[in-house]
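Input: a single structure, listed below in structure tokens.
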Amino acid sequence: MNFEILAPAGSMESLIAGVRSGANAIYLGGKSFNARRNAGNFDNEELKNAINYCHSHGVKVYLTLNILVRDDEMKKAYDTVKQALLCGVDAFIVQDIGVAKMIKEHFPSARLHGSTQMSIMSPAGAKAAKEMGFSRIVLPREMSLDEIKEIRESTDLELELFVHGALCMSVSGQCYLSSVIGSRSGNRGLCAQPCRLPFTAGGNATHALSLKDLSLIGELSKLDGITSLKIEGRMKRPEYVSAAVSAVKKAIDGKYSPSDEFMLRSVFSRSGFTDGYLNSKLGKNMFGTRQKEDVVAANNVLKEIARNYEKETPLIPLDISFTCRENEKAVLIAKSDKKEVKIIGDMPEKAINKPMSEESLKERLSKFGGTQYFAKNIEINLDNGLILPASKINEMRRNAVSKLDEQEKIRLEFKPFDISLPNYNKPDKQYLTASFSNADQIPDNHPFERVFIPVNSSLEDFVDNRAGVVLPRGLFGMENELKSRLEKLKKAGVSKALCGNIGSYTLCRDMGFEVYGDFGLNVFNSLSANQIDRPILSFELTQAQINNINARDKGMLVYGYLPLMLTRNCPVKNDIGCYECNKHGSLTDRKGMEFPVMCSDFPCVEMLNCHPLYMLDRLDEVKTDFIHFYFSIEGKKQVENVISLYESGAKPDFKYTRGLYQRGTL
């Protein structure tokens, strides 16, 4: 099996542990713009030292720029990219399509890896990533083997897959729980992990949103076509990184054993591990929390693991050639698979007593202890009867190591920072759009210029309501099914599609639909807004930030129960079952707040906020081209009430929230 082992590093200590344990690549974050802003991370000087260390060990470095970036932060993001490239970073892991566009336009040589937070889960999503200049995509953790195979067969992009580490309940990039209830956004790198707190669906489960950690290390033989095996854990200690890398390396070599799994579980787990998504075995067995015995177990193995990376590991083989001729200076050539260096030594002398031999030279030239190198082949070209002091030979060997460690000077081609976009004028009159979870919610009379209903609604519902189609955000393994359905809808006269996933957006665009960008695309800045037609901007922005986005036909969500999580593993089904739920499930947190869980015919369910977002009495502050209503669990009478409130501009007669439009996210 030929895989890249990709290890996390939240500190230099973890980076060294990963490299010495056998990682082929390291991913790490700078002090900003990364999804683990609470990790130690690396400033510019630390980043340069980290990259030099990795490159001297034949290890690549990927910098995480995997958060959503505001317009006022884009210049700083540019500076971060430039500095990282000058330090020698090998690629950037990016979530924000606006950031991706900025990088490709200003730094043509930069390599882009699509973060798992881009929610690329279909062949059309992979196609979109390639069109935007990505060379690799990080697949969602929630994918099954068949779903991975579907993407593998559709693209020549490199595929990266998480094989060990923490498992989020929500699809990455589609979780707003931490931001909406606490202003700490996972899409901005500051998730507070409220999902690990107590939630119940009414049954026995006390932590209905807490999954066990993922581990696919015993399943590597199934992962045909995967380029990179990724280990989660930039917030974890060095011993964790070392243990995980060592385990993956052993599994690749066919030597992974139950004792290795025990070591992994001891260093960190939540009641064990799960491979449920990969093997399509969802359910209660995937859930777990951090127990006292999990914590205690780590104390027994940390020192043992630390010994594995205390000293340099001989990772890089060298071919050594040493030539010592009469009346010529000695020459040492050391060659790795990527670099060759030549060291000129002193002139040898005639030996008075014992001359040098091939055996003695080979012994001396093979002493690379304390470095990452080892002599694989040594060739000696020696005239008889010569002597060179041992100190001089050692000096030549040390000089060879120093030259091998030297990093080449980087010549960077880049353009000065410039984001020039047309200035779009706001239309004289705002128009209204709405999406509904079913056609029965739609009143006979409404003010909406465009309405959208789910793709599985009847043809009659589409025709009767002159409706566009809402595509699900969770597209796992259903692209062919969707395409067939969309072809039927198109023949029936449906021409508009509301898409909250880059895959569905690309699919509908290619099929000739008039596409509209839904909130799930996380449009956060003017650059991303100009890549999406008629985008509903992220509800994690403030009102002022939304108003300042420079884009044509931009929209804003002004009413609705905000979706907090998109998950494949229904927490209500796992706790009380579908019969008891009867599609009216909810979760209750430790404070007694109740969060509806909206059932779906598609691979995912949605956890909604406890109170709806409401901005209908403050529309004079909204400077977007259109406003959008998101109807989910409301009945028709409730919808009619909301429309009446819109028309009067009154405050609602129910509990509501302003969301993040005033307070924003950190």
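Between D625 and R534 no salt bridge is recorded (no basic side-chain N to carboxylate O distance below 4.0 Å). K230 has a carboxylate O that lies under 4.0 Å from a charged side-chain N of E160, or vice versa, which qualifies the two as a salt bridge. Between R618 and E621 there is a salt bridge, since at least one side-chain N of the basic residue sits less than 4.0 Å from a carboxylate O of the acidic one. Residues R509 and E131 are paired through a salt bridge, judged by an N-O separation under 4.0 Å between the basic side chain and the carboxylate. One finds a salt bridge joining R568 and E147 here, because a Lys/Arg side-chain nitrogen approaches an Asp/Glu carboxylate oxygen to under 4.0 Å. The pair K637-E640 does not meet the salt-bridge criterion, since no charged nitrogen lies less than 4.0 angstrom from a carboxylate oxygen. Ion pairing of K651 with D617 is present here, as a side-chain N (NZ or NE/NH1/NH2) and a carboxylate O approach within less than 4.0 Å. A salt bridge links D510 to K127: at least one charged side-chain nitrogen sits closer than 4.0 Å to a carboxylate oxygen. Taking 4.0 Å as the cut-off between side-chain N and carboxylate O, E73 and R188 count as a salt-bridged pair.
Legend: residues meeting ring-ring contact (aromatic ring centres under 6.0 Å, His included) with F452, ordered by chain and number and at least two apart, are Y516. S586 is linked by a side-chain hydrogen bond (donor to acceptor under 3.5 Å, both in side chains) to E594, counting only residues two or more places apart in sequence or in another chain. For Q545, the side-chain hydrogen bond (donor to acceptor under 3.5 Å, both in side chains) criterion is met by T542, not counting sequence neighbours. In this structure, N609 has no side-chain hydrogen bond (donor to acceptor under 3.5 Å, both in side chains) partners at least two apart in sequence or on a different chain.
A ring pair (Phe, Tyr, Trp, His ring centres under 6.0 Å) check over residues 522-542, counting only residues at least two apart or in different chains, returns the pairs Y176-F539, F519-F539. Identified under the ring pair (Phe, Tyr, Trp, His ring centres under 6.0 Å) test for residues 461-514, with sequence neighbours left out: none.
Between the side chains of E479 and S122, at least one donor N or O sits under 3.5 Å from an acceptor N or O. For the residue pair T116 / R141, no side-chain donor-acceptor distance below 3.5 Å is found, with atom types taken as modelled.
The closest side-chain heavy-atom distance from N501 to L471 is not below 4.5 Å. Considering only heavy atoms from C-beta on, K496 stays 4.5 Å or farther from V469 through its side chain.
The aromatic rings of F626 and Y431 lie parallel to each other, their planes meeting at an angle below 30°, with 60° marking the opposite boundary.
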